[in-house]
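Remarks on the structure that follows.
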Amino acid sequence: MTAPQPKHFQGIPLSVLDLAPILEGSTAAQSFKHSTDLAQHAEKWGFSRYWLAEHHNMPGIASSATSVMIGHIAGATEHIRVGSGGIMLPNHAALVIAEQFGTLESLYPGRIDLGIGRAPGSDQATAFALRRTLHSRVEDFPLQLDELQAYFDANPSARVRAFPGEGLNIPIWLLGSSDFSARLAAEKGLPFAFASHFAADYTLPALNIYRGHFTPSNVLEEPYAMVGVNIIAADTEERARWLATSQQQQFLSLRRGEPTQLKPPIDDIDQVWSPFEQAAIEQTLDSRATIIGTPDTVKQKLERFLAETKANEIIVNSQIFCHEDRLRSYEIVAGLME
């Protein structure tokens, strides 16, 4: 049976980024049920990929064991690509990631993506707890990436080999929110995913660097860029703005150094944050890459952002408290695809 082809918005595929939110008063177990249900709907609605993000020491995010979650979601779906957005490589031995993703690709051939980032995905103390040494340096990341790529090459003479992993074609993406990964992705000829959903100001400079310095490789002949967008869609503007207060509260708690489970929407966000905090969070959740509103509003702003970035793909994050509202938001986005 031939798998159905993903649908497109203005000629490009749309994908899903899932942070596996743990709702206030709920559990990780319930979060996993919601992720599974969302992935099955996303597959049915025509989304191209379903990516999960690695974060640690955050009570509101359940996807810390990202490889395990990828296997769970891939096993609960049939054809949608499933991957990491991303695995934070400095937290892990490259061999372990090669073996884990070699296992995933062997179980679900042709469906696994390996998105790699260099941030810890948490605070400094947690990064120290995760890493094999306390002396990780930014300049080590390209060497870690080289090591990871080498494990997927067929090399019978290597002293250390990844089984499973060796000889498998697992797409590696570089993720970033600055110019560092843009330059490295260009140098290596890899696809690049930019975190514009929380770094909108740096999006165009990073994409320009990536495209301007791109070197063709055996992976890509020309640049391929994905951008992240927050979308909170509803049938009325009022409800969309109300639903958006959950994500705003989440970023507020992170800014205050007090991460929490994802909170329910509130009627007046101005009662919670100060004007200074509001300005900082609105800068992070810039309206260019954080789209809140009805289907018409979402369509117009998504078209505008696509025209601005000329992205090859868009990945959508929707941090919404109620699962039914979250499904509805993605359903609205799916309704915009051809």
Side-chain angles (χ1 to χ4, degrees), residues 16-36 38-39 50-73 82-92 97 100 115-131 134 136 175-178 193 195-199 228-232 243-266 269 272-273 277 280-281 283-285 289-290 315-323 325-326:
V16 174
L17 176 62
D18 182 11
L19 302 185
I22 304 176
L23 309 181
E24 186 173 78
S26 187
T27 64
Q30 188 60 51
S31 170
F32 299 149
K33 291 178 182 178
H34 288 164
S35 289
T36 303
L38 175 58
Y50 195 96
W51 280 10
L52 295 129
E54 177 185 346
H55 291 278
H56 300 279
N57 197 29
M58 294 188 182
I61 297 178
S63 52
S64 54
T66 316
S67 300
V68 178
M69 275 296 294
I70 291 170
H72 176 69
I73 295 299
V82 187
S84 56
I87 291 290
M88 301 297 108
L89 190 55
N91 294 341
H92 309 278
I97 297 304
Q100 289 178 354
I116 293 292
R118 68 182 178 94
S122 189
D123 57 88
Q124 188 175 25
T126 307
F128 284 169
L130 284 163
R131 293 178 183 181
L134 304 186
S136 178
L175 280 59
S177 57
S178 66
S196 39
H197 56 298
F198 62 79
V229 178
N230 298 305
I231 296 181
I232 298 175
L243 294 174
T245 60
S246 292
Q247 185 178 45
Q248 291 165 343
Q249 291 178 87
Q250 184 179 51
F251 273 82
L252 178 61
S253 70
L254 290 174
R255 180 171 182 80
R256 290 175 174 175
E258 303 168 348
T260 64
Q261 295 180 328
L262 188 65
K263 292 180 175 294
I266 54 177
I269 188 71
V272 176
W273 58 20
E277 289 171 327
I281 291 166
Q283 182 179 18
T284 300
L285 299 176
T290 296
I315 191 163
V316 178
N317 172 50
S318 296
Q319 285 293 85
I320 296 174
F321 182 81
C322 177
H323 182 58
D325 286 317
R326 193 172 181 224

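Because the structure is a prediction, the values reported are computed rather than measured.
One distance of note links CG of Asp18 with OG of Ser35; it measures 3.5 Å at 0.5 Å rounding. The distance from the CG atom of Leu23 to the CZ atom of Phe321 is 5.0 Å, given to the nearest 0.5 Å. Between the CG atom of Leu243 and the CG atom of Asp325 there is a distance of 4.5 Å, given to the nearest 0.5 Å. The distance from the OG atom of Ser31 to the CD atom of Gln261 is 10.0 Å, given to the nearest 0.5 Å. The distance from atom CG of Leu262 to atom CD of Gln319, rounded to the nearest 0.5 Å, is 5.5 Å. To the nearest 0.5 Å, atoms CD1 (Ile116) and CE (Met88) are separated by 7.5 Å.
The two residues Leu19 and Ala53 have their closest heavy-atom pair at CD2-CB, 3.4 Å. In terms of heavy-atom proximity, Pro264 sits nearest to Gln249 at O-NE2, 2.9 Å. Of all heavy-atom pairs spanning Leu38 and His323, the tightest one is N-CE1, 4.3 Å. Contact record, Ala39 with Ile73: CB-CG2, 3.6 Å, taken as the closest heavy-atom pair. Scanning all heavy atoms of the two residues, the minimum distance from Ser84 to Thr66 falls at CB-CG2, 4.3 Å. Pairing each heavy atom of Ile266 with each of Val272, the nearest pair is CD1-CG2, 3.4 Å.
Residues Thr290 and Gln248 are not in side-chain contact: their nearest non-hydrogen atoms beyond the backbone lie 4.5 Å or more apart. Contact check for Arg326 versus Pro21: side-chain heavy atoms found under the 4.5 Å cut-off. No side-chain heavy atom of Thr284 sits under 4.5 Å from any side-chain heavy atom of Arg255.
Applying the side-chain contact (heavy atoms from CB on, under 4.5 Å) rule to Ser64 yields the partners His56; only residues at least two apart in sequence or on another chain are considered.
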Worksheet entry | Worked verdict on Met58 versus Ser253 for side-chain contact (heavy atoms from CB on, under 4.5 Å) | CA-CA 11 Å; Met58 294 188 182; Ser253 70; over 6 Å; no
Discussion item. side-chain contact (heavy atoms from CB on, under 4.5 Å) for Leu252 and Glu277? Distances and angles first, verdict last.
Written reply: CA-CA 7 Å; Leu252 178 61; Glu277 289 171 327; 3.6 Å; yes
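When only modelled atom types and interatomic distance are considered, Glu54 and His92 share a side-chain donor-acceptor pair under 3.5 Å.
Under a 3.5 Å cut-off, the side chain of Thr36 and the backbone N or O of Phe32 do form a donor-acceptor pair.
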